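Please read the structure below before turning to the comments.
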Amino acid sequence: MRGAKWSNAMSHFRISGADSSLPRSYYLKATVDAARALLGHILVHESPEGTTGGIIVETEAYLSQDDPGCHASIGRTRRNDPMFGPPGYAYVYGIHRCACLNLVTAPEGVPEAVLIRALEPVTGIELMQQRRGLLRLKDLCSGPGKLTQALGVTLALNRADLTVQPLYVGAAAVTAGPVVATTRIGLRPEKGADLPLRYYFADNPYVSRR
DNA sequence: CACTCGATGTTCT
DNA sequence: GAACATCGAGTGG
């Protein structure tokens with residue numbers, strides 16, 4: 001399980017005709033490919049308290065400086081710096097009381113990342129329930145802040161190397177199904193809210209919202 | 001240093 | 001569907 005990780009997910013990329021509403025330029029972006037390819041793979045965090053993980057069922061792509069929704073659209077800063085680094089590292093940022101986990105995708109110098117928005121709970125469910133303070137599986141990891149809390153992912157894992165650190169992407173699970181592309185969540189209208197860069201399994205009950 | 005604002009979640013009505 | 005809790009980063013003095 002430990003050997004699969006990032007390169008495994010990247011190698012599963014296939015261009016799908018379902019993206020025909022995207023501008024042509026976005027087809028060329030590896031991050032869009034990664035956002036789709038990561039669906040169905042398992043995300044695992046091995047912490048001293050125990051191992052937790054789930055199947056990635058919802059992602060969002062954030063595309064460099066041309067994307068007004070991307071943190072890097074304002075240029076390189078202390079916060080978004082990890083996005084400029086080489087791919088395969090974590091970009092974790094805080095919003096309100098939550099941590100949001102991104103996987104850096106593009107080559108060094110190109111600030112792109114995939115936000116992990118929801119997991120289908122698989123491993124360490126009891127520990128995740130304990131961390132979240134609730135029992136219902138549907139609510140454990142159905143949001144970017146929820147899943148980091150469930151997995152015990154904090155800002156301490158910012159810049160973590162996903163091929164070395166105890167946080168990693170495993171092999172694809174058997175579950176799959178049709179993928180839906182919609183607009184991203186939580187962006188103000190002028191921040192690229194109209195771009196269909198959110199992907200999720202159409203019939204999966206663990207996505208953050210319909 | 002003081003202010004503003006979220007790629008959010010929970011708890012209300 | 002709306003209010004709000006809450007904190008690190010960004011921005012402008």
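Source: prediction; values computed, not measured. Reminder, nothing fancy here: chain letters follow the sequence lines and each chain counts from 1.
Looking at heavy-atom distances under 4.0 Å, A:G69 makes contact with a base. As judged by a 4.0 angstrom heavy-atom cut-off over every strand, A:I185 is placed among residues touching the sugar-phosphate backbone only. Nucleic acid contact class of A:R79 (heavy atoms, under 4.0 Å, all strands): sugar-phosphate only. If you check every strand for non-hydrogen atoms under 4.0 Å, A:K191 touches nothing. As judged by a 4.0 angstrom heavy-atom cut-off over every strand, A:R132 is placed among residues touching the sugar-phosphate backbone only.
Between the CG atom of A:D81 and the C1' atom of C:dG10 there is a distance of 15 Å, given to the nearest Å. One can place CG of A:N80 at 12 Å from P of C:dA9, the figure rounded to the nearest angstrom. Going from atom CG of A:D139 over to atom P of B:dT11 covers 11 Å, rounded to whole Å. The interatomic distance linking A:L140 (CG) with B:dT10 (P) rounds to 10 Å, in whole Å.
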Open item on the list: Applying side-chain contact (heavy atoms from CB on, under 4.5 Å) to A:V179 and A:F201, what does each step give before you reach the verdict?
Closed with: CA-CA 5 Å; A:V179 172; A:F201 286 133; 3.9 Å; yes

- [ ] Might you work through the side-chain contact (heavy atoms from CB on, under 4.5 Å) test for A:I55 and A:Y206, ending with a clear yes or no?
- [x] CA-CA 10 Å; A:I55 299 167; A:Y206 300 98; over 6 Å; no

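For A:H96, taking side-chain heavy atoms from C-beta onward, the closest of the listed nucleotides B:dA7, C:dA5, C:dG10 is C:dA5. Nearest nucleotide to the side chain of A:Y93, out of C:dA9, B:dT10, B:dA7: B:dA7.
Applying the 4.0 Å criterion to OP1 and OP2 of C:dA5, one finds that A:R97 has every side-chain N and O outside that range. The shortest distance between the side-chain N/O atoms of A:T77 and the OP1/OP2 oxygens of C:dA9 is not below 4.0 Å.
The closest side-chain heavy-atom distance from A:L43 to A:L167 is below 4.5 Å.
Under a 3.5 Å cut-off, the side chain of A:R184 and the backbone N or O of A:A61 do form a donor-acceptor pair.
Across all their heavy atoms, A:L119 and A:L151 have their closest contact at CD1-CD1, 3.8 Å.
Pair assignment for C:dT6: none, as no Watson-Crick or G-U wobble contacts are both less than 3.5 Å.
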